[in-house]
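Single-structure report; data block below.
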Amino acid sequence: MNGIYPGSFDPPTKGHMDIIERSAALCDHLYIAVLINISKKSLFTIPERVELLKKCTADIENVEIITFDGLLVDLFKEYAIDAIIKGLRAVSDYEYEIQMAQINRQFEKRAETLFMMTNPRYSYLSSSIVKEFHRYGADISPYVPLPVLQAMKEKKE
Ligand code: PNS
C-alpha cells in the first residue's frame, strides 16, 4: 500500500512523528506531502520544512517527502496512492476530517482516508501551540524532534 500523509508541518512535531513512524510501518511506501499554502503566515519556508522532515525521517527507509499546491486527490494518480493517512487527536478534529474524507471521495473514488489515533501523549499538541510557546521562551524540547528544536532556536536568534 502506498500512503500519503499530508500537512503543513510548520514545524513537524513529535505528534507528526508518531503518525509517520506508525503509518510507515503499515505502508510499503509513505509519501509525506507538505502543503504549499502561500496565504498562510509561516515560520519555516517550504524547502526548510522539507529539509527538516528529511532529517527527522532519515532512519525510515520507505518514506519520501514531496510538496504539493493543488488538491490532494490530484496526487492519487501521479503517485499511485492507495490511502490518505490522517492523525486524529480529539473529537474536535473529527468534524473537519470527516468532511475532507467525504469530499475527497466525491472527486476521486479511490481516495480512501485512514485515521490513526494520535498517541495520547501528544493529543493536545499542534504546530501552532509549539510556535506560540517557543515565541515566549518556553522549553519545547519535549514536543519537537531534535532537528526541529535546533532550527527553531536558530530562527529566534
Ligand atoms: O497540517 P494541516 O495544515 O492541518 O494540514 C491540512 C491539509 C494539508 C491536510 C489540508 O489542508 C489539505 O489536504 N489540503 C489540500 C487541499 C485539498 O485537497 N483540499 C480539498 C479537501 S478540503
Side-chain angles (χ1 to χ4, degrees), residues 1-132 143-148 151-152:
M1 177 177 81
N2 287 339
I4 188 163
Y5 179 48
S8 300
F9 303 107
D10 184 42
T13 67
K14 285 194 180 174
H16 293 128
M17 290 309 298
D18 169 52
I19 300 294
I20 290 169
E21 282 161 15
R22 287 160 58 205
S23 54
L26 295 174
C27 293
D28 297 304
H29 197 78
L30 178 70
Y31 292 99
I32 301 177
V34 183
L35 174 73
I36 301 170
N37 185 349
I38 45 169
S39 62
K40 217 167 160 181
K41 199 176 164 293
S42 61
L43 177 65
F44 289 104
T45 64
I46 299 295
E48 283 173 335
R49 284 180 243 171
V50 169
E51 213 39 53
L52 284 173
L53 282 164
K54 276 187 186 162
K55 282 187 189 161
C56 296
T57 58
D59 293 339
I60 315 174
E61 272 182 12
N62 58 335
V63 159
E64 187 178 336
I65 323 295
I66 59 171
T67 60
F68 77 111
D69 67 354
L71 289 173
L72 193 54
V73 287
D74 288 339
L75 302 183
F76 261 70
K77 279 196 189 79
E78 190 179 345
Y79 293 98
I81 305 291
D82 300 298
I84 300 166
I85 311 284
K86 287 297 191 82
L88 280 185
R89 289 168 296 196
V91 178
S92 50
D93 280 341
Y94 178 81
E95 238 176 289
Y96 176 66
E97 292 298 346
I98 192 170
Q99 196 181 2
M100 284 222 284
Q102 287 176 338
I103 189 84
N104 282 336
R105 278 201 74 226
Q106 296 290 319
F107 284 94
E108 168 59 65
K109 265 206 315 289
R110 296 188 312 114
E112 295 293 353
T113 305
L114 301 181
F115 293 101
M116 199 168 252
M117 299 304 161
T118 303
N119 184 324
R121 278 173 68 185
Y122 305 124
S123 62
Y124 52 85
L125 204 56
S126 72
S127 297
S128 308
I129 284 177
V130 163
K131 282 187 281 194
E132 181 84 2
Y143 312 117
V144 294
L146 202 55
V148 174
M152 287 186 80

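The chain is numbered in sequence order, starting from 1.
Asp10 places a side-chain N or O within 3.5 Å of a backbone atom of Leu43 that can act as its donor or acceptor partner.
Residue pairs meeting the ring-ring contact (aromatic ring centres under 6.0 Å, His included) criterion with at least one partner in residues 3-43, sequence neighbours excluded, are Tyr5-Phe9, Phe9-His16, His29-Tyr31, Tyr31-Tyr79.
Taking the charged nitrogens against the carboxylate oxygens, Asp18 and Arg22 do have a contact shorter than 4.0 Å, which makes a salt bridge.
Atom CD1 of Ile19 is separated from atom CE of Met117 by 9.5 Å, given to the nearest 0.5 angstrom. Remark: Ile32 CD1 to Ile20 CD1 distance equals 3.5 Å, nearest 0.5 Å. Taken to the nearest 0.5 Å, the OG1 atom of Thr67 stands 4.0 Å off from the CD1 atom of Ile36. Here the CD1 atom belonging to Ile84 is positioned 9.5 Å from the CD atom belonging to Glu97, to the nearest 0.5 angstrom. Separation of atoms NZ (Lys14) and CG (Leu125) is listed at 9.5 Å; rounding is to 0.5 Å.
Considering every non-hydrogen atom in both Thr113 and Ala101, the closest pair reads OG1-CB, 3.6 Å. Summarising the geometry of Glu21 relative to Ile60, their closest heavy-atom pair is CG-CD1, 3.9 Å, with the distance given to 0.1 Å.
Residues Glu48 and Pro11 form no side-chain contact, since every pair of their non-hydrogen atoms from C-beta on lies 4.5 Å or further apart. Counting only heavy atoms from C-beta outward, the side chains of Phe68 and Leu35 approach each other to under 4.5 Å.
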